[in-house]
Each structure stands twice: as structure tokens, then as C-alpha cells.
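See below for the structure under consideration.
Just follow the structure's listing: the first ligand is 1, and inside any ligand the first atom is 1. Computation of the quantities below employed the complete heavy-atom set of this structure, encompassing side-chain atoms and omitting hydrogens, waters and symmetry-equivalent molecules. All residue numbers refer to positions in the sequence shown, counting from 1.
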Amino acid sequence: MQAEQLESIAAMVREAREIVVFSGAGLSADSGIPTFRDGATGLWNKVDPDEVASIEGFMRNPGRVWNWLLQLKKLVDEKAPNAGHEALARLEKTCRGKQLAVITQNIDGYHTRAGNTQVLEVHGTIHRVRCHHHCGFAAAWQEDALEPFSCPGCGAPVRPDLVLFGEMLDEAVFGAAEMRSLTADLFFCVGTSFTVQPAALLPVWAKRAGATVVEVNPHPTPLSKVADFSIRGGASQFFGALSTRLEATQA
Ligand code: NAD
């Protein structure tokens, strides 16, 4: 990335009133959490998403979905937020006085762990379980909960509190994400392939509503054609450089 391009984006951050960072699995790649679709390392090269991560799969065999997600949760617990997450937490501090929201498709909880305070998890979290019938029961996912159990409130199955393929998103969380996207004047998209709907619509709505859209991804995506800036590189490197630049010019 050229110094002039970094300075242009830093200038946009300084001038923006409302900033959104929309993140996907690629942001956590540097933590050692595989993405879904990247080459030989992608999770979907090893397992069938219909079996281990869909609502139909859960109905057919709840134990298989539970067990696969528990292995993913263990990996997330073993690993940690990376320099990209940390740079985004620093960006929030640098942008005090403006709105800066993170809208994430990730379920690993790393944005909050790194220190961002305005985080919308549109696909839920791997750290919690809940009653499948929404009776109100929810709890942290304890690692000794090795298989699905019945809800202590109503007896329905308890399941991970994340959005499985084939399920609707939580209306309140997605509604808040939509509002943030429509009012943002600067919208960063990082580490997402734009293949999972409806989350992939958010940058398109932001762009139509007037935001400047900056994509950060080592590879082109369907968004690249409409983005105002496409940074072909890794998230840690780009946001590390951006936060350092903003901190230096703020001092
Ligand atoms: P995806 O796997 O479809 O795409 C990942 C994207 O990240 C690709 O476009 C790839 O080029 C890019 N990428 C890879 N390394 C990068 C890096 N260092 N910096 C920036 N970009 C990088 O992921 P997605 O679009 O987020 O979509 C699918 C779903 O994956 C989401 O719903 C999410 O819940 C789920 N998911 C989450 C995690 C997690 O929580 N860490 C992990 C795997 C999948």
C-alpha cells in the first residue's frame, strides 16, 4: 500500500462522523482460525456445512453440530485476537468523539476481547448457548457441556447461540446493523467474501446511502467493483498502519 493511499484513508477517518467496520472470517485468519472458503485451509474443504452448521443438520443430528462447533469453540479459546483486532480497538480510541461501530459476521468474540466496545455480532457468538425455542434461557457455553441438553426452563433443546445456515438473523441485531450502515459516512469491509446473505447487503446499502466504502482483502470479491478503495492486503497490516498513522498525527 502506498503512503499517499494510507494518508487519503486516514484523512477520511479524521473527517468522518460515523464509521462502520464490517468484518468477516479473514480478519481472524492471522489468529489461526480458518476461514470458511480460503483454498486448502478453508473449513468447508474438510466438512460439509449442511451436516455441521445448518439448522437442518441440527434437526437431523444435534450431537454432530454441537460437537463440531465445540471443537471450533475450543480453537477460538486457545487462540487470541491478532494485530488487526488490536488495531481496530486502537482505532476506536483514536476516534473518540465520533461513532465507530463494528458489525461482525464472526462468532469468535475477538473484537470485544481486543477492546472494541460497540460491536454487533450479526451471526451470534460461539461463547453462549440458548433455548432453541427462545423461552429466555441463555448461558455461557461451558466446555464440560459436551452434548446438547434440555432447556431447564421449558425442556426444548439447548443449542449454540449462533445463526446456523438456513436460519433468520436476529431482527434486533441486524436492524441495528442496518441503521448503522445507512447512516455511516465511512464503511470499511474487511476479510469477507460477501457470499453470506443478508449480511453481504450491508456494504451495498451503505454505499447507496452515500458512504465511502473501503475494502481490505488480499483477493478481489464481488464488492471490489463497487468499493471506492480496494486495499489488496491483510487486515493486520492495513489497520495496524492506519491506526499508527492516526495516533501519530493526533499527538
Ligand atoms: P469467508 O471464509 O467466506 O471469506 C473470507 C475472506 O477473507 C476471503 O475473501 C479472503 O480472501 C479474506 N481474507 C483471508 N485472509 C485475510 C486477511 N489476513 N485479511 C483480510 N482478508 C482476508 O468468510 P466470511 O465472508 O466471513 O463468511 C462467512 C461466514 O464465516 C460468516 O458468517 C462467519 O460467521 C463465518 N466464520 C467465522 C469465523 C470466525 O468467527 N472467526 C471463522 C470461519 C467462518
Side-chain angles (χ1 to χ4, degrees), residues 1 21-50 52-55 65 68-88 102-114 116 119-128 141 160-170 173-174 177 188-204 214-225 227 229-242:
M1 187 189 22
V21 178
F22 176 57
S23 67
L27 178 60
S28 296
D30 283 353
S31 295
I33 310 293
T35 62
F36 274 172
R37 294 176 185 80
D38 276 305
T41 59
L43 289 170
W44 297 156
N45 291 320
K46 301 188 175 75
V47 286
D48 178 356
D50 277 348
V52 298
S54 76
I55 185 61
V65 172
W68 187 77
L69 289 172
L70 183 60
Q71 300 316 310
L72 187 57
K73 176 182 151 39
K74 284 182 181 166
L75 181 67
V76 166
D77 288 344
E78 272 167 35
K79 306 284 183 182
N82 62 52
H85 298 100
E86 283 156 13
L88 287 169
V102 174
I103 301 173
T104 189
Q105 298 170 88
N106 293 343
I107 50 163
D108 53 34
Y110 284 173
H111 283 294
T112 306
R113 226 169 113 185
N116 277 102
V119 182
L120 293 165
E121 295 175 312
V122 291
H123 290 164
T125 174
I126 202 153
H127 299 292
R128 204 168 52 229
W141 191 347
D161 193 5
L162 46 78
V163 180
L164 296 167
F165 286 111
E167 288 190 303
M168 305 286 282
L169 271 56
D170 181 284
V173 178
F174 192 66
F188 289 100
C189 297
V190 51
T192 172
S193 61
F194 299 96
T195 41
V196 179
Q197 297 290 356
L201 291 169
L202 295 173
V204 179
V214 180
E215 177 182 49
V216 183
N217 196 313
H219 305 291
T221 73
L223 186 77
S224 307
K225 287 195 185 81
F229 293 85
S230 285
I231 309 293
R232 289 280 157 261
S236 305
Q237 191 193 16
F238 171 73
F239 284 107
L242 181 65

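Asn217 places no side-chain N or O within 3.5 Å of a backbone atom of Ser193 that could act as its donor or acceptor partner. Looking only at distances, a side-chain donor or acceptor of His127 sits under 3.5 Å from a matching main-chain atom of Asp108.
Remark: Phe188 pairs with Phe239 by the ring pair (Phe, Tyr, Trp, His ring centres under 6.0 Å) rule, at least two apart or across chains. Among residues two or more places apart in sequence or in another chain, the salt bridge (charged side-chain N to carboxylate O under 4.0 Å, His left out) test is passed with Asp161 by Arg128, Arg130.
When heavy-atom distances to ligand 1 are checked against a 4.0 Å cut-off, Ile33 comes that close only through its side chain, counted from C-beta outward. Contacts of Ser28 with ligand 1, taken as heavy-atom pairs under 4.0 Å, involve the side chain alone. The proximity of Thr192 to ligand 1, defined as any non-hydrogen pair under 4.0 Å, involves the side chain as well as the backbone. At a heavy-atom distance under 4.0 Å, atoms from both the backbone and the side chain of Gln105 approach ligand 1.
Which parts of ligand 1 touch Gly234 is read off a 4.0 Å heavy-atom cut-off, strictly below it: atoms 18 (N), 19 (N). Atoms of ligand 1 found under 4.0 Å from any heavy atom of Ser193, numbered from 1 in the order shown, are 1 (P), 3 (O), 4 (O), 6 (C), 9 (O), 25 (O). Within ligand 1, counting atoms from 1 as listed, the ones closer than 4.0 Å to a heavy atom of Gly24 are 26 (O).
Of the candidates Ala200, Ser236, Gly191, Gly191 brings a heavy atom nearest to atom 6 (C) of ligand 1.
Ring geometry, His111 versus His85: the interplanar angle exceeds 60°, so the pair is classed perpendicular (tilted spans 30 to 60°).
The closest side-chain heavy-atom distance from Arg232 to Pro220 is below 4.5 Å.
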